[in-house]
Enquirer: 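A single structure is presented below for examination.
Note that ligands are numbered from 1 as they come in the structure, with each ligand's atoms numbered from 1 the same way.
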Amino acid sequence: MTKLSVNINKIATLRNARGGNVPDLLKVASDIQKFGGQGITIHPRPDERHIRYQDARDLKSIVYTEFNIEGNPQHNFIDLVLECKPDQVTLVPDAIGAITSSAGWDTVKNQAYLTEMIQEFQRNGIRTSIFVDPALEMIEGAKKTGTDRIELYTEAFAHQYSAGNEKGITPYVESAVLANELGLGINAGHDLSLDNIQFFKENIPGLLEVSIGHALIAEALYLGLENVVNMYLRKLK
Ligand SMILES: CC(=O)[C@@H](O)[C@H](O)COP(=O)(O)O
Ligand SMILES: NCC(=O)COP(=O)(O)O
């Protein structure tokens, strides 16, 4: 079975747009779990433009499924993760100010650094995952860091699939086969959606977890829109 971890960054984006507490991030996280979501993912960024560091602390007592915190292991992030002790930390090599994640780790060049980070989090009982492009040498490099899992960066797959190119899945399948051989757990995320998730799942052996945010929240808005417009119309009769 593949677990669905819902990334709630976009709920925080909407909340922050007005400065109040609508929508209520904690209530949304609770409801997602009530509706069957099997995990909550957040990706606090240094500028706190969506998830604030305090949100991570507050979510700790709300999330009873799997709590996954993603980010670049800079000092503040490391301290936050060690304080919150989520079930899983996913290390992502984001540049400061990047609009969103745009690459996986070079696990060969950064092997010593990643190994040190992985050991620190594992010593504190936190499962680790490293965000990687679907390239065999990056999977092998990840294995050498001692990480529990990798997260396959799926933007390229999503882009090619939406353009009608199903062959874009090939490097992901090859990477997953190798990861399985090496005993690495496999997560995946970025731009997964209702449109592409089934094809991805059916082709990736041993896919343990997907984290989905941007498309899922956009789809939820759209699929709820007719209902809400009609609820307003009824009140205005
Ligand atoms: C790690 C990853 O793939 C990202 O998709 C991320 O978690 C989303 O971050 P933003 O919501 O800031 O774009
Ligand atoms: N790790 C990927 C994630 O959490 C969500 O990515 P996206 O669905 O917002 O692109």
Enquirer: Please examine the side chains of His43 and Val92, heavy atoms only from C-beta on, and report whether any two atoms are closer than 4.5 Å.
Expert: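 Yes, side chains in contact.
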Enquirer: With heavy atoms of Asn9 as the reference, note each atom of ligand 1 found under 4.0 Å away.
Expert: 8 (C), 9 (O), 10 (P), 11 (O), 12 (O)
Enquirer: Is atom CG of Leu233 surrounded by more than 12 heavy atoms (other residues, nucleotides or ligands) closer than 6.0 Å?
Expert: yes
Enquirer: Quick one: which ligand 1 atoms are inside 4.0 Å of a heavy atom on Ser101?
Expert: 1 (C), 2 (C), 4 (C), 6 (C)
Enquirer: Looking only at protein heavy atoms, which one is nearest to atom 13 (O) of ligand 1, and what is the separation?
Expert: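 Heavy-atom neighbour on the protein nearest atom 13 (O) of ligand 1: Thr100 OG1, 2.5 Å.
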Enquirer: So does Tyr64 have more than 12 non-hydrogen atoms from other groups sitting under 6.0 Å from OH?
Expert: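 Yes, OH of Tyr64 has more than 12 neighbouring heavy atoms, counting only those of other groups under 6.0 Å.
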Enquirer: What atoms of ligand 1 come within less than 4.0 Å of a heavy atom belonging to Asn7?
Expert: 7 (O)
Enquirer: Please tabulate, one line per pair, the protein N or O atoms found under 3.5 Å from any N or O atom of ligand 2, giving the distance to one decimal.
Expert:
from     : atom 1 : to     : atom 2 : distance (Å)
ligand 2 : 1 (N)  : Glu70  : OE1    : 3.2
ligand 2 : 1 (N)  : Glu70  : OE2    : 2.7
ligand 2 : 1 (N)  : Glu151 : OE2    : 2.5
ligand 2 : 1 (N)  : Ser211 : OG     : 2.7
ligand 2 : 4 (O)  : Asn7   : ND2    : 2.7
ligand 2 : 4 (O)  : Ser211 : OG     : 3.2
ligand 2 : 8 (O)  : Gly213 : N      : 2.8
ligand 2 : 8 (O)  : His214 : N      : 3.4
ligand 2 : 9 (O)  : His214 : N      : 2.9
ligand 2 : 10 (O) : Asp191 : N      : 2.8

Enquirer: Give the residue, atom name and distance (to 0.1 Å) of the protein heavy atom nearest atom 9 (O) of ligand 1.
Expert: Arg45 NH2, 3.1 Å
Enquirer: Got the closest protein heavy atom to atom 5 (O) of ligand 1, with its distance?
Expert: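 Ranked first by proximity to atom 5 (O) of ligand 1 is His190 ND1, 2.7 Å.
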Enquirer: If you measure from each non-hydrogen atom of His50 to ligand 1, which part falls under 4.0 Å: side chain, backbone, both or neither?
Expert: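 Near ligand 1, His50 shows its side chain, while the N, CA, C and O stay back.
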Enquirer: Should the pair Glu140-Lys143 be classified as a salt bridge under the 4.0 Å nitrogen-to-oxygen rule?
Expert: no
Enquirer: Assess whether atom NZ of Lys27 is packed by more than 12 heavy atoms of other residues, nucleotides or ligands within 6.0 Å.
Expert: no
Enquirer: Is it true that, when you exclude Glu116 itself, more than 12 heavy atoms of the residues, nucleotides or ligands shown sit nearer than 6.0 Å to its CD?
Expert: no
Enquirer: Closer than 4.0 angstrom, basic N to acidic O: yes or no for Asp94 and Arg45?
Expert: yes
Enquirer: Within a distance under 4.0 Å of any heavy atom of Glu70, pick out the atoms of ligand 1 and give their elements.
Expert: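 Matching atoms, with element in brackets: 1 (C), 2 (C), 6 (C), 7 (O).
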Enquirer: Donor-acceptor check, side chain of Lys10 to backbone of Ala218, threshold 3.5 angstrom: yes or no?
Expert: no
Enquirer: With a 4.0 Å cut-off, would you call Arg149 and Glu209 a salt bridge?
Expert: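 Yes, charged N to carboxylate O under 4.0 Å.
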Enquirer: Would you say Ser211 and Asn7 are linked by a side-chain donor-acceptor pair, where the criterion is simply a distance under 3.5 Å?
Expert: no
Enquirer: Among Asn203, Leu192, Thr170, whose side-chain contact (heavy atoms from CB on, under 4.5 Å) with Phe157 holds?
Expert: Leu192
Enquirer: Counting each atom of ligand 1 from 1 as listed, which ones have a heavy atom of Phe131 under 4.0 Å away?
Expert: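 Here the atoms of ligand 1 in question are 1 (C), 2 (C), 3 (O).
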Enquirer: Do me a favour and list the nearest non-hydrogen protein atom to atom 6 (C) of ligand 1 with residue, atom name and distance?
Expert: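 Looking only at protein heavy atoms, the one closest to atom 6 (C) of ligand 1 is His43 ND1, 3.3 Å.
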Enquirer: Which atoms from ligand 1 have a heavy atom of Lys10 less than 4.0 Å away?
Expert: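 Atoms satisfying the 4.0 Å criterion: 11 (O).
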Enquirer: Heavy atom of Glu155 under 4.0 Å from ligand 1?
Expert: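 No; Glu155 lies far enough from ligand 1 that no heavy-atom distance drops under 4.0 Å.
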Enquirer: Arg49 versus ligand 1: do any nitrogen or oxygen atoms come within less than 3.5 Å of each other?
Expert: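 In this structure, Arg49 places no N or O atom under 3.5 Å from an N or O of ligand 1.
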Enquirer: Under 4.0 Å between a side-chain nitrogen and a carboxylate oxygen: does that hold for Arg15 and Asp55?
Expert: yes
